[in-house]
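I have placed the structure first, in the form of structure tokens, so that the comments after it can refer back to it.
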There are 2 protein chains.
Amino acid sequence: MDDIDKKILKRLQENARVTISVLSSEISLSMPAISERLKKLEASGVIKQYTAILNPELVDKQLMALVYLSFDNPSHGDSFKNFVVGESDIKECFYITGDFDYSLKIITQNTTTLENLLTRIKEQTGVIKTQTIVVLSSIIDRPSVTIE
Amino acid sequence: MDDIDKKILKRLQENARVTISVLSSEISLSMPAISERLKKLEASGVIKQYTAILNPELVDKQLMALVYLSFDNPSHGDSFKNFVVGESDIKECFYITGDFDYSLKIITQNTTTLENLLTRIKEQTGVIKTQTIVVLSSIIDRPSVTIE
DNA sequence: TCTGAAACCACTTAACT
DNA sequence: AGTTAAGTGGTTTCAGA
């Protein structure tokens, strides 16, 4: 991956719908050259996905919460993974160091939907401790990996 | 926003580079109709951004950490905001309920770059307490808001 | 707000450096 | 790995419903 690839990636991060012709004129490389590089970046897995970031307030998901939880023993990892994959309001699930085993980021409609989701989480086999933090406001929220 | 708009949004979330002609045939609506709806969704702010999600391992950012911190009093919010905006390895910054004031999600190269960033964080005026959790593995990591 | 046709522009292919 | 040029296909505009 050279500087031209990085320019392409940076521009796609800013706007994933930028056209090849715009990239071509900005980077001063022909369209077929840009197109080939892009195909390679996609095929090699450097670009995992192109996605649209939506405004939470306009799609009725106004409550963000962070949930930490511990298991009585490590053997429940697989069934817990299946559970979180199926819960679309769980946006992040990390296996972490420290007092808890997992951290979850939840984006949901309101306190009622959060309560229902927390109930389902606590029903998972092996869960022995949870802690819930409500997010009051989001100062920044950027895509995970960025090219500078 | 009706069901057709939701289909468009859902498809753009899965793949932000999907063409209008593909949307047109999938949704059974003419290309000009799709194009107009898309322009309205962009102009009204429902779609905040189109972005490319990159593979962290392939762009040399292999360490994720969660940092929690407290201030001695609430007056340092503005300068802290300026600081986090300028730190590109800080991907999320939330003002939260609970023992700490802010939570940060950091994605960086290695323990050395994490250490340097933590030093800069602790140098911010008013910071009195921090706690750092290292992420061992990511079970799921989805874009924040999704249409189902 | 939608459709269909035409004009315009972007993308891909192919031949070649 | 790159270019140019031709051909293909996607997007926008516009007239009309």
Side-chain angles (χ1 to χ4, degrees), chain A residues 1-62 109 142-148, chain B residues 1-62 109 142-148:
Chain A
M1 195 178 12
D2 60 10
D3 275 1
I4 295 172
D5 283 341
K6 282 183 185 169
K7 281 184 191 169
I8 294 171
L9 291 173
K10 196 182 170 196
R11 200 64 183 77
L12 285 166
Q13 277 197 162
E14 291 165 7
N15 177 14
R17 284 183 74 80
V18 68
T19 61
I20 288 170
S21 77
V22 167
L23 287 170
S24 170
S25 57
E26 284 177 358
I27 297 171
S28 305
L29 206 64
S30 68
M31 291 205 298
I34 298 279
S35 192
E36 264 186 43
R37 280 170 174 269
L38 191 46
K39 281 205 175 71
K40 279 177 190 167
L41 289 168
E42 289 165 353
S44 67
V46 174
I47 298 172
K48 281 171 70 179
Q49 196 190 348
Y50 300 108
T51 194
I53 298 174
L54 309 181
N55 188 333
E57 288 166 29
L58 295 172
V59 290
D60 198 27
K61 296 278 179 163
Q62 310 224 29
Q109 252 181 302
R142 309 194 243 248
S144 283
V145 178
T146 52
I147 298 280
E148 286 118 47
Chain B
M1 192 175 16
D2 60 10
D3 275 359
I4 295 172
D5 283 341
K6 283 184 186 169
K7 281 183 191 170
I8 294 172
L9 292 172
K10 196 183 170 197
R11 201 63 182 77
L12 285 165
Q13 279 197 162
E14 291 167 7
N15 177 15
R17 284 183 74 82
V18 68
T19 61
I20 288 169
S21 76
V22 167
L23 286 171
S24 171
S25 58
E26 284 178 357
I27 297 171
S28 304
L29 204 65
S30 69
M31 292 202 299
I34 298 280
S35 192
E36 266 186 40
R37 280 169 174 270
L38 191 47
K39 280 205 175 69
K40 281 178 190 167
L41 289 168
E42 288 166 356
S44 67
V46 175
I47 298 171
K48 281 172 70 179
Q49 196 190 349
Y50 299 108
T51 195
I53 299 174
L54 308 182
N55 188 334
E57 288 166 30
L58 295 172
V59 292
D60 199 26
K61 297 277 178 164
Q62 310 226 29
Q109 252 181 302
R142 308 179 164 123
S144 283
V145 178
T146 50
I147 298 278
E148 286 120 45

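A donor-acceptor pair under 3.5 Å is absent between the side-chain atoms of A:Thr51 and the main chain of B:Thr51, judged by distance alone. Side-chain N or O atoms of B:Ser44 include one that pairs as donor or acceptor with a backbone N or O of B:Lys40 at under 3.5 Å. Of the possible donor and acceptor atoms, none in the side chain of B:Arg17 sits under 3.5 Å from a partner among the backbone N and O of A:Thr19.
Between B:Leu23 atom CG and D:dT12 atom P there is a gap of 12 Å when expressed in whole angstrom units. Note: CZ (B:Arg37) to C1' (C:dT3) measures 14 Å, nearest angstrom. Atoms CD1 (B:Ile20) and P (C:dC2) sit 14 Å apart, rounded to a whole Å. B:Met31 has its CE atom 16 Å from the P atom of C:dC9, to the nearest Å. Here the P atom of nucleotide D:dG9 and the CZ atom of B:Arg17 are 19 Å apart, to the nearest Å. Residue A:Glu36 contributes atom CD, which lies 13 Å from atom C1' of C:dC11 at whole-angstrom precision. The CG-P distance, from A:Leu38 to C:dA10, rounds to 16 Å in whole Å. Spacing between atom CG of B:Leu29 and atom C1' of C:dG4 amounts to 13 Å, rounded to whole angstrom units.
For the residue pair A:Gln13/A:Tyr50, the side-chain donor-acceptor check at 3.5 Å is not satisfied.
If you check C:dT3, C:dT12, D:dT12 against the side chain of B:Lys39, the one that comes closest is D:dT12. Side-chain proximity of A:Ile4 to D:dT11, D:dG2, D:dT12: nearest is D:dG2. Distance from the side chain of A:Lys40 is smallest to D:dA1 among D:dA1, C:dT13, C:dC11. Across C:dT13, D:dT13, D:dT11, the shortest atom-to-atom separation from the side chain of A:Pro32 is found for C:dT13. In this structure, the nucleotide among C:dT3, D:dA1, C:dC11 sitting nearest to the side chain of B:Ala33 is C:dT3.
For B:Arg11 and B:Glu14, the salt-bridge test passes: some basic side-chain N is under 4.0 Å from an acidic carboxylate O.
Within the 4.0 angstrom heavy-atom criterion, base atoms lie near B:Ser30.
Proximity of B:Thr19 to the phosphate of D:dG10: no side-chain N or O atom is located under 4.0 Å from OP1 or OP2.
End-to-end axis angle of the helix from C:dT1-D:dA17 to C:dT17-D:dA1, from C1' rotation axes over five pairs per end: 30° (rounded to 10 degrees).
Around CG of A:Asp2, the count of heavy atoms belonging to other residues, nucleotides or ligands within 6.0 Å exceeds 12.
Interatomic distance, A:Asp5 CG to A:Ile47 CD1, rounded to the nearest 0.5 Å: 9.0 Å.
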